[in-house]
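Since the model is a prediction, treat every value here as computed from it, not as a measurement. Just the heavy atoms: all of them, side chains too, but no hydrogens, waters or symmetry mates, feed the values below. Numbering starts at 1 and runs along the sequence shown.
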Amino acid sequence: QVQLQESGGGLVQAGGSLRLSCAASGRTFTSYSMGWFRQAPGKDREFVARINWSGGRTTTADSAKGRFAITRDSAKNTVYLQMNSLKPEDTAVYYCAADHPLRPLNYAYWGQGTQVTVSS
């Protein structure tokens with residue numbers, strides 16, 4: 001029932017910015033937190049950032065520290081990932097994920113992903 005739809009990916013030059021969006025839907029949608037993950041070809045999926053719906057506490061991976069920011073709009077059931085100072089190594093498919101209030105940080109729902117390509 002829970003559906004996540006990412007958008008905002010694309011091609012950008014190194015040093016540029018992108019903002020990814022993740023819209024959550026479902027009649028009874030609710031989660032403890034939302035997360036962003038990414039996966040580059042030949043590599044494991046890695047954690048990028050997460051945000052708690054209540055209070056907005058965030059956690060950001062070292063690779064994104066100081067450059068990426070995760071935010072949420074509770075009224076729209078939408079989370080964002082603002083990416084600045086993009087580097088070629090940020091190139092990956094970015095996925096949005098949602099957990100469950102009874103199982104915090106155990107992400108059970110995933111979007112289809114959106115491609116981010118950073119050229120040099």
Side-chain angles (χ1 to χ4, degrees):
Q1 287 187 312
V2 176
Q3 294 179 305
L4 305 176
Q5 181 64 60
E6 304 97 333
S7 62
L11 175 64
V12 65
Q13 294 283 82
S17 299
L18 284 174
R19 189 175 79 156
L20 307 183
S21 298
C22 174
S25 62
R27 182 177 179 181
T28 59
F29 174 77
T30 183
S31 69
Y32 176 78
S33 70
M34 299 287 287
W36 283 101
F37 298 78
R38 68 186 183 187
Q39 187 168 24
K43 296 184 178 181
D44 292 335
R45 185 172 298 183
E46 68 172 332
F47 167 79
V48 177
R50 69 169 180 265
I51 187 167
N52 294 355
W53 284 112
S54 179
R57 177 180 291 181
T58 62
T59 301
T60 306
D62 288 343
S63 61
K65 184 179 180 181
R67 300 187 300 122
F68 294 4
I70 185 169
T71 58
R72 91 271 198 225
D73 185 335
S74 298
K76 297 181 179 180
N77 283 150
T78 300
V79 296
Y80 307 93
L81 184 67
Q82 178 65 49
M83 304 185 292
N84 299 323
S85 301
L86 283 162
K87 305 174 181 178
E89 51 262 45
D90 293 319
T91 295
V93 176
Y94 284 70
Y95 297 91
C96 175
D99 61 8
H100 190 279
L102 296 179
R103 293 178 287 278
L105 310 187
N106 289 274
Y107 296 100
Y109 305 99
W110 295 81
Q112 293 297 305
T114 184
Q115 177 71 48
V116 172
T117 302
V118 184
S119 65
S120 60

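- In the model, Ser17 has a side-chain atom that pairs as donor or acceptor with a side-chain atom of Asn84 under 3.5 Å.
- Ile51 has its side chain within reach of Val79: a pair of non-hydrogen atoms, C-beta onward, lies under 4.5 Å apart.
- Taking the six-membered ring wherever Trp is involved, the centroid distance between the rings of Trp36 and Phe47 does not fall below 6.0 Å.
- One distance of note links OG1 of Thr91 with CD of Glu89; it measures 8.5 Å at 0.5 Å rounding.
- Contact of the Leu81 side chain with the Arg19 side chain is not registered, since no non-hydrogen atoms from C-beta on lie closer than 4.5 Å.
- The shortest side-chain heavy-atom distance between Arg38 and Val116 does not fall under the 4.5 Å cut-off.
- In this structure the side chain of Phe37 never reaches within 4.5 angstrom of the side chain of Val93, judged on heavy atoms.
- Shortest non-hydrogen contact noted between Leu18 and Gly8 is CD2-O, 3.8 Å.
- Looking only at side-chain heavy atoms (C-beta outward), Thr30 and Trp53 stay at 4.5 Å or farther from each other.
- Closest approach of Leu86 to Arg67, counting heavy atoms only: CA-NH1, 3.9 Å.
- Put simply, CG on Asn52 and OG on Ser31 are 9.0 Å apart, with the number rounded to the nearest 0.5 Å.
- In terms of heavy-atom proximity, Cys96 sits nearest to Leu4 at O-CD1, 3.6 Å.
- Atom OG in Ser21 sits 9.0 Å away from atom NZ in Lys76 (nearest 0.5 Å).
- The two atoms that bring Gln39 and Ala92 nearest to each other are O-CB, 3.4 Å, heavy atoms only.
- Minimum heavy-atom separation, Ala14 to Ser120: CB-CA, 4.5 Å.
- Considering all non-hydrogen atoms of both residues, Tyr94 and Glu6 come closest at O-OE2, 4.0 Å.
- The shortest distance between side-chain heavy atoms of Lys87 and Ser85 does not fall below 4.5 Å.
- Counting heavy atoms from C-beta outward, Thr114 and Tyr95 have side chains that stay 4.5 Å or more apart.
- The closest donor-acceptor contact from the side chain of Asn106 to the backbone of Pro104 lies under 3.5 Å.
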Check your understanding: salt bridge (Lys or Arg N to Asp or Glu O under 4.0 Å) between Arg50 and Asp99: does it pass, once the steps are laid out?
Key -> CA-CA 11 Å; Arg50 69 169 180 265; Asp99 61 8; over 6 Å; no
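- Hydrophobic clustering (side-chain heavy atoms under 4.5 Å, transitive across Ile, Leu, Val, Met, Phe, Trp, Tyr) groups Phe29 together with Tyr109.
- From Met34, atom CE reaches atom CD1 of Ile70 across 8.0 Å, with rounding to the nearest 0.5 Å.
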Practice item. Dump the intermediate steps for side chain to side chain donor-acceptor pair (under 3.5 Å) on Tyr107 and Ser33, then the final yes or no. Key: CA-CA 9 Å; Tyr107 296 100; Ser33 70; 2.9 Å; yes
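- Separation of atoms CG (Leu20) and OG (Ser7) is listed at 8.0 Å; rounding is to 0.5 Å.
- No side-chain heavy atom of Tyr32 sits under 4.5 Å from any side-chain heavy atom of Leu102.
- The local environment of CD in Gln112 is sparse, with at most 12 non-hydrogen atoms from other residues, nucleotides or ligands closer than 6.0 Å.
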